[in-house]
Amino acid sequence: MSKVEVHILAFNEQDFLPFCLRHYATFAERIIVHDGFSTDRSREIAREHGAEVRDFHSDGVNDILFKRLKETCWNGTDADWVVTADADELIYFPEGSFHTLAAYEADKVAVVKPIGFEMFSDEMPTLDRGQVYQQVTKGYRDQQWYSKPILFRPSLIKKFTF
């Protein structure tokens, strides 16, 4: 079974972070939330869900700093697979994560570029009704913002540039 490590970038994500953490907990051995000194409950929520919290100075939402962090936060990992994602980004495996990752490994895939979707709903999902994608079923394909490579095998790459 593949070891998966997830790095989540967060700044004031208390509303969606529980969904994100619950999703990644279904297949990740380790979840690290890189928090830009949120002023809401993001840090506490991450800890409540068993995630490691690491601080980074982001001056709020700073895409240049987020990019640099995603390119380096995983250095030194012993994981087979790494996910680097914003708190509102989920990598979903319709055939199941373990089956899909095993197939990628057999094909010697180093970087996965997913098909991204912008999800939307008339109401906020609730934590008592399963995963967020079981409740929010509307969306559209987005090749600009959400179809980006956030899943990769560190053993097969030397450097990752977003």
**Student:** Given Asp80 and Val4, is the side chain to side chain contact (heavy atoms under 4.5 Å, CB included) satisfied, shown in steps?
**Tutor:** CA-CA 6 Å; Asp80 301 307; Val4 179; over 6 Å; no
**Student:** What residues, two or more places apart in sequence or in another chain, satisfy ring pair (Phe, Tyr, Trp, His ring centres under 6.0 Å) together with Phe152?
**Tutor:** Trp74, Phe160
**Student:** Tell me the salt bridge (Lys or Arg N to Asp or Glu O under 4.0 Å) pairs involving residues 2-20, sequence neighbours left out?
**Tutor:** Lys3-Glu29, Lys3-Asp78, Glu5-Arg30
**Student:** Tell me who clusters with Leu156, hydrophobic residues only, linked when side chains sit under 4.5 Å apart either directly or through other members.
**Tutor:** none
**Student:** Tell me, please, which residues at least two apart from Thr84 pass side chain to side chain donor-acceptor pair (under 3.5 Å).
**Tutor:** none
**Student:** Closest approach of Val109 and Val111, non-hydrogen atoms and distance?
**Tutor:** CG1-O, 3.6 Å
**Student:** Would you check if His34 and Cys73 make a side-chain contact, meaning some heavy-atom pair closer than 4.5 Å?
**Tutor:** yes
**Student:** Look up atom CD1 in Ile8 and atom SG in Cys20, then write down how far apart they are to the nearest 0.5 Å.
**Tutor:** 3.5 Å
**Student:** I'd like to know if the side chain of Asn12 pairs up with that of Thr39 as donor and acceptor (distance under 3.5 Å, no hydrogens or angles considered).
**Tutor:** yes
**Student:** Can you list everything that forms a salt bridge (charged side-chain N to carboxylate O under 4.0 Å, His left out) with Glu71? Sequence neighbours excluded, please.
**Tutor:** Lys67
**Student:** For Ser155, give me all partners under side chain to side chain donor-acceptor pair (under 3.5 Å), at least two apart in sequence or on another chain.
**Tutor:** none
**Student:** Which side-chain hydrogen bond (donor to acceptor under 3.5 Å, both in side chains) pairs, counting each pair once, include a residue from residues 101-110, with sequence neighbours left out?
**Tutor:** Ser2-Glu105, Trp81-Glu105
**Student:** Does the side chain of Leu90 come within less than 4.5 Å of Phe117's, by heavy atoms?
**Tutor:** no
**Student:** For His23, enumerate each residue passing the ring pair (Phe, Tyr, Trp, His ring centres under 6.0 Å) test, keeping only those at least two apart in sequence or located in another chain.
**Tutor:** Phe27, Tyr133
**Student:** Start with the C-alpha distance between Asp35 and Ser38, add both sets of side-chain angles, then the distance that settles side-chain hydrogen bond (donor to acceptor under 3.5 Å, both in side chains), and finish with yes or no.
**Tutor:** CA-CA 6 Å; Asp35 185 76; Ser38 293; 2.5 Å; yes
**Student:** To the nearest 0.5 Å, tell me how far Leu69 CG sits from Leu65 CG.
**Tutor:** 8.5 Å
**Student:** Any ion pair linking Glu48 and Arg41 (charged N to carboxylate O, less than 4.0 Å)?
**Tutor:** yes
**Student:** Check salt bridge (charged side-chain N to carboxylate O under 4.0 Å, His left out) between Arg54 and all other residues, then give those that pass, not counting sequence neighbours.
**Tutor:** Glu52
**Student:** I need the minimum non-hydrogen distance between Gly96 and Thr100, along with the two atoms involved.
**Tutor:** O-OG1, 2.7 Å
**Student:** Residues two or more places apart in sequence or in another chain: which of them pass salt bridge (charged side-chain N to carboxylate O under 4.0 Å, His left out) with Asp55?
**Tutor:** Arg43
**Student:** How many angstroms lie between atom CG of Leu127 and atom CE of Met124, to the nearest 0.5 angstrom?
**Tutor:** 8.0 Å
**Student:** Going by the rule side chain to side chain donor-acceptor pair (under 3.5 Å), which residues pair with Arg22 if we only count those two or more places apart in sequence or in a different chain?
**Tutor:** none
**Student:** Under a 4.5 Å side-chain heavy-atom rule over Ile, Leu, Val, Met, Phe, Trp and Tyr, are Val53 and Ile31 clustered together?
**Tutor:** no
**Student:** Any chance you could measure Ile32, atom CD1, to Leu9, atom CG, to the nearest 0.5 Å?
**Tutor:** 11.0 Å
**Student:** Counting the benzene-type ring for Trp, do Phe19 and Tyr24 have ring centres under 6.0 Å apart?
**Tutor:** no
**Student:** Is the shortest side-chain heavy-atom distance between Phe66 and Phe56 below 4.5 Å?
**Tutor:** yes
**Student:** Look up atom CD in Glu95 and atom OH in Tyr92, then write down how far apart they are to the nearest 0.5 Å.
**Tutor:** 8.5 Å
**Student:** Within a strict 4.5 Å, meaning less than it, do heavy atoms of the Gln14 and Leu17 side chains meet?
**Tutor:** no
**Student:** For Val112 and Pro114, which heavy atoms make the closest approach, and how far apart are they?
**Tutor:** O-CD, 3.3 Å
**Student:** According to salt bridge (charged side-chain N to carboxylate O under 4.0 Å, His left out), who are the partners of Arg47, at least two apart in sequence or on a separate chain?
**Tutor:** none
**Student:** Evaluate the side chain to side chain contact (heavy atoms under 4.5 Å, CB included) criterion for residues Ile91 and Ile150: first the C-alpha distance (whole Å), next the side-chain angles of each, then the deciding distance (0.1 Å), finally the verdict.
**Tutor:** CA-CA 8 Å; Ile91 186 127; Ile150 65 171; 4.2 Å; yes
**Student:** Please evaluate residues Thr72 and Arg68 with respect to the criterion side chain to side chain contact (heavy atoms under 4.5 Å, CB included), reporting the C-alpha separation (whole Å), side-chain torsions for both, the decisive distance (0.1 Å), and the verdict.
**Tutor:** CA-CA 6 Å; Thr72 60; Arg68 285 187 201 140; 5.6 Å; no
**Student:** If hydrophobic clusters are built by linking Ile, Leu, Val, Met, Phe, Trp and Tyr wherever their side-chain heavy atoms come under 4.5 Å apart, do Phe120 and Ile115 end up in the same one?
**Tutor:** no
**Student:** Please check if atom CD in Gln134 has more than 12 non-hydrogen atoms from other residues, nucleotides or ligands closer than 6.0 Å.
**Tutor:** yes
**Student:** Verify side chain to side chain contact (heavy atoms under 4.5 Å, CB included) between Lys70 and Asp86, making sure each step is shown before the conclusion.
**Tutor:** CA-CA 9 Å; Lys70 288 178 184 179; Asp86 296 341; 2.9 Å; yes
